[in-house]
Novice: 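Shown below is the structure under consideration.
Since the model is a prediction, treat every value here as computed from it, not as a measurement. In this chain, residues are counted from 1 in sequence order.
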Amino acid sequence: MLACGGSRISHQNLGSRFCSTGIFHLSSFSVNLPSSAAATVAAIVDNNSHNPRFHPRFVSSSSLQSKSPGDIPFPPDSFSQREDDHEKPSEALSSVAGGIVALGKFDALHIGHRELAIQASKVGTPYLLSFVGMAEVLGWDPRPPVVAQCDRERVLSSWAPYCGNVAPKEFQVQFMSVRHLSPRQFVEKLARELGVCGVVAGENYRFGYKAAGDASELVRLCDEFGMGAYIINSVMDRHQDARNMNRLDLKDRGQVSSTRVRQALAEGDMKYVSELLGRPHRLLLTIKDWESLTSTASTRRMSAPRSSLLNLPPKDGFYENCSLLFGEQNAVTCRVSIDTSHIHLEMDRVDFCDNDYSQKSQVLGIEFGELKS
């Protein structure tokens, strides 16, 4: 039996590996499913007996979070790169060839995005497919990212313990180059031009021109082009009922989303933000000089204009018990105040006395404590 158009899987191994216990291998959730749930796990086999292909489709539990990194089981690789009977991927776009690509909008890199990467890592080398230039093409108002561009690699590296000790990588595609593609053309691009071996997407994923394709269409088209397709349920926000966020958003069914992260930041609820992200929110800012640094006998203070921020800050206000990250040095406890024009930091001088101020431009990181009311 062929997987990904080229790799053979024996029928005997297929039965033990994917049919009877496959859902536990392919899901990071520990949950006992009734026999009727087998309908959510489908092995799609091409009827052409001369070229059979295996394409599992699974839906994981939507109400539970992933296990801790050490508890996640990983099956043997189920797919490998395409063989010579398939069109060679473009040389310029071959870095994802043979990989498993997670599809979505990866603005906040939250726990729902991490779950996609976890599932991708269980069947191959995980990638996140990101679109570049979407806001400009669609005429959206510019807005700061939730995660600074220069900080995304750090975040993805922190996912490695969940992904078989492999840090997912991002692969960027210019949105203009795929905007007018039909669902079929988009999947064809993944298969033939990029050489992708399989895709992972959420149950609400839409793709193609004017979002014409849905998850079921994705499964059907991936089958046609010899790729594995894995559809998982959304990771749900455990606080959705209490908060009633996005009540007017028809796309919001209570799932974790980048929109929820942005709204939680706007409220200054940093504990909730951390729950959605699976990590503390880190604000980065560029300090071009240290002339604003002032000192007293016990404290150091500094201010920077909001124009120095590299990503989205939380609500204006005063935050206690924050952490200031300065290069490779240990975090320094600080207090942060944000107003309409500046961000102000105050830290104990004894904690901050060993830093080197000789460099004219440096990037500082701030992880926030609680907003003081």
Novice: Compare every heavy atom of I100 with every heavy atom of V199, then report the nearest pair and how far apart it is.
Specialist: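 Shortest heavy-atom separation between V199 and I100 comes out as N-CG2, 4.4 Å.
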Novice: Quick one: are S157 and E153 in side-chain contact, heavy atoms under 4.5 Å?
Specialist: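 Yes, at least one pair of side-chain atoms sits under 4.5 Å.
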Novice: Does any part of the side chain of Y272, heavy atoms only, come nearer than 4.5 Å to the side chain of D237, both counted from C-beta?
Specialist: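 A side-chain contact under 4.5 Å exists here.
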Novice: Nearest 0.5 angstrom please: S95 OG to E170 CD, how far?
Specialist: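 These two atoms lie 12.0 Å from each other.
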Novice: Can R184 and E188 be said to form a side chain to side chain contact (heavy atoms under 4.5 Å, CB included), step by step?
Specialist: CA-CA 6 Å; R184 189 179 190 281; E188 183 178 17; 4.1 Å; yes
Novice: Would one find more than 12 heavy atoms of other residues, nucleotides or ligands at under 6.0 Å from atom CD of E370?
Specialist: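 No - once you tally the heavy atoms of other residues, nucleotides and ligands closer than 6.0 Å, there are 12 at most.
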Novice: Please report the closest heavy-atom contact between S274 and H281, naming both atoms and the distance.
Specialist: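 Looking at all heavy atoms of both residues, the closest pair is OG-N, 4.4 Å.
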Novice: Using a strict cut-off of less than 4.0 Å between a Lys/Arg side-chain nitrogen and an Asp/Glu carboxylate oxygen, indicate whether D151 and R154 qualify as a salt bridge.
Specialist: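 The answer is yes: the pair qualifies as a salt bridge.
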Novice: Show the nearest heavy-atom pair for residues G112 and V256, with the distance to one decimal.
Specialist: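 Result for this residue pair: N-CG1, 4.4 Å.
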Novice: Take V173 and S130 through the side chain to side chain contact (heavy atoms under 4.5 Å, CB included) test and state the conclusion after the steps.
Specialist: CA-CA 6 Å; V173 174; S130 301; over 6 Å; no
Novice: Is it possible for you to say whether L218 and V178 belong to one hydrophobic cluster, with membership spreading through side-chain heavy-atom contacts below 4.5 Å?
Specialist: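 Yes, it is one cluster - the side chains of L218 and V178 are joined through contacts under 4.5 Å.
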Novice: For the residue pair F186 and F131, categorise the inter-ring angle as parallel (less than 30°), tilted (30 to 60°) or perpendicular (more than 60°).
Specialist: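 Answer is tilted, since the angle falls between 30° and 60°.
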Novice: Any non-hydrogen side-chain atom of V363 less than 4.5 Å from a side-chain atom of L285?
Specialist: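 Heavy-atom side-chain distance check fails, nothing below 4.5 Å.
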Novice: Tell me, do F318 and L371 make a side-chain contact under 4.5 Å, heavy atoms counted?
Specialist: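 No, every pair of side-chain atoms sits at 4.5 Å or beyond.
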Novice: Before giving the answer on side chain to side chain contact (heavy atoms under 4.5 Å, CB included), spell out for R335 and C322 the whole-Å C-alpha distance, their side-chain angles and the decisive distance to 0.1 Å.
Specialist: CA-CA 6 Å; R335 298 160 292 281; C322 302; over 6 Å; no
Novice: Run the salt bridge (Lys or Arg N to Asp or Glu O under 4.0 Å) test against E367 and tell me which residues pass, sequence neighbours left out.
Specialist: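 With neighbours one apart ignored, the set is R282.
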Novice: For the hydrophobic clusters of this structure (ILVMFWY residues joined by side-chain heavy atoms under 4.5 Å, transitively), does one cluster hold both V166 and Y230?
Specialist: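 In one cluster: no.
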Novice: On a heavy-atom basis, which atom in A117 and which in P168 lie closest, and how many Å separate them?
Specialist: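 Distance-wise, the nearest heavy atoms are CB-CG, 3.8 Å.
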Novice: Calculate, to the nearest 0.5 Å, the distance between atoms CD1 and CG belonging to I287 and L364 respectively.
Specialist: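 Here the interatomic distance stands at 5.0 Å.
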Novice: With sequence neighbours excluded, tell me which residues meet ring pair (Phe, Tyr, Trp, His ring centres under 6.0 Å) with H113.
Specialist: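 Once residues adjacent in sequence are excluded, the partners of H113 under the ring pair (Phe, Tyr, Trp, His ring centres under 6.0 Å) criterion are F106, H110.
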Novice: Are the side chains of L190 and L129 in touch, meaning some heavy atoms are under 4.5 Å apart?
Specialist: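 L190 reaches L129 side chain to side chain.
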Novice: Measure the CZ-CZ distance between R192 and F225 for me, rounded to the nearest 0.5 Å.
Specialist: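 These two atoms lie 5.0 Å from each other.
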Novice: Test side chain to side chain contact (heavy atoms under 4.5 Å, CB included) on L283 and I343 and set out the steps.
Specialist: CA-CA 11 Å; L283 178 67; I343 181 169; 3.8 Å; yes
Novice: What's the shortest heavy-atom distance between P183 and G213, and which atoms?
Specialist: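 Heavy atoms only, the tightest pair is CG-N, 3.5 Å.
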Novice: Looking only at side-chain N and O atoms, does S303 offer a donor or acceptor that is under 3.5 Å from a partner on H344?
Specialist: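 Judged by distance alone, the side chains do pair up.
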Novice: Linking I/L/V/M/F/W/Y whenever their side-chain heavy atoms sit closer than 4.5 Å, directly or via other members, would L103 and L181 fall into one cluster?
Specialist: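 Shared cluster, yes.
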Novice: For T299 and E346, does a side-chain donor sit closer than 3.5 Å to a side-chain acceptor?
Specialist: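 No - no donor-acceptor pair under 3.5 Å links their side chains.
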Novice: I'd like to check L310 versus C150 (side-chain heavy atoms, cut-off strictly below 4.5 Å). Are they in contact?
Specialist: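 Contact flag for L310/C150 side chains = yes.
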Novice: Going only through I, L, V, M, F, W and Y residues with side-chain contacts under 4.5 Å, is there a path from V101 to V132?
Specialist: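 No; tracing contacts between hydrophobic side chains, which count when under 4.5 Å, never links both residues.
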Novice: Measure from NZ or CZ of R114 to the centre of the six-membered ring of Y162 and say whether it is under 6.0 Å with the direction within 45° of the ring axis.
Specialist: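 Yes, a cation-pi geometry.
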Novice: Rounded at 0.5 Å granularity, tell me how far CD1 in I118 sits from SG in C163.
Specialist: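 Nearest 0.5 Å value for the CD1-SG distance: 5.5 Å.
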Novice: Identify the heavy atoms of L109 and R152 that sit nearest to each other, and give their distance.
Specialist: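 Heavy atoms of L109 and R152 come nearest at CD2-NH2, 3.6 Å.
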Novice: State plainly whether one hydrophobic cluster holds both V187 and F175, where clusters connect Ile, Leu, Val, Met, Phe, Trp and Tyr through side-chain heavy atoms under 4.5 angstrom apart.
Specialist: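 Per the 4.5 Å side-chain linkage, V187 and F175 are co-clustered.
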Novice: Compare all side-chain heavy atoms of V235 with those of Q255 and state whether any distance is below 4.5 angstrom.
Specialist: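 They are not in side-chain contact.
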Novice: Once rounded to the nearest 0.5 Å, what's the spacing between atom OG of S337 and atom CZ of R301?
Specialist: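 It is 11.5 Å, given to the nearest 0.5 Å.
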Novice: Apply ring pair (Phe, Tyr, Trp, His ring centres under 6.0 Å) to Y205 and list each qualifying residue two or more places apart in sequence or on a separate chain.
Specialist: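 Partners of Y205 by the ring pair (Phe, Tyr, Trp, His ring centres under 6.0 Å) criterion, ordered by chain and then number, come out as F207.
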Novice: More than 12 heavy atoms of other residues, nucleotides or ligands under 6.0 Å from CD of E320: is that the case?
Specialist: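 Check passes, neighbour count above 12.
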Novice: State, yes or no, whether a side-chain contact exists between R260 and L265 at a heavy-atom distance under 4.5 Å.
Specialist: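 Of all side-chain heavy-atom pairs linking L265 with R260, none is under 4.5 Å.
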Novice: If you measure from NZ on K105 to CG on L128, what distance do you get to the nearest 0.5 Å?
Specialist: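 Between atom NZ of K105 and atom CG of L128 there are 15.5 Å.
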Novice: Taking only residues two or more places apart in sequence or in another chain, which ones pass salt bridge (Lys or Arg N to Asp or Glu O under 4.0 Å) with E136?
Specialist: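 For E136 there are no salt bridge (Lys or Arg N to Asp or Glu O under 4.0 Å) partners, ignoring immediate neighbours.
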Novice: What pairs with D316 under side-chain hydrogen bond (donor to acceptor under 3.5 Å, both in side chains), at least two apart in sequence or on another chain?
Specialist: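 Partners of D316 by the side-chain hydrogen bond (donor to acceptor under 3.5 Å, both in side chains) criterion, ordered by chain and then number, come out as R306.
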Novice: How would you list, by chain and number, every residue that makes a side-chain contact (heavy atoms from CB on, under 4.5 Å) with P145, sequence neighbours excluded?
Specialist: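 Only D107, N311 meet the side-chain contact (heavy atoms from CB on, under 4.5 Å) criterion with P145.
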Novice: With no hydrogens and no angle check, just 3.5 Å: does a side-chain donor-acceptor pair link E115 and Q119?
Specialist: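 There is such a pair (donor and acceptor under 3.5 Å, judged by atom type) between the side chains of E115 and Q119.
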Novice: Is the F368 to Y319 ring centre distance short of 6.0 Å?
Specialist: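 Ring centroids of F368 and Y319 are less than 6.0 Å from each other.
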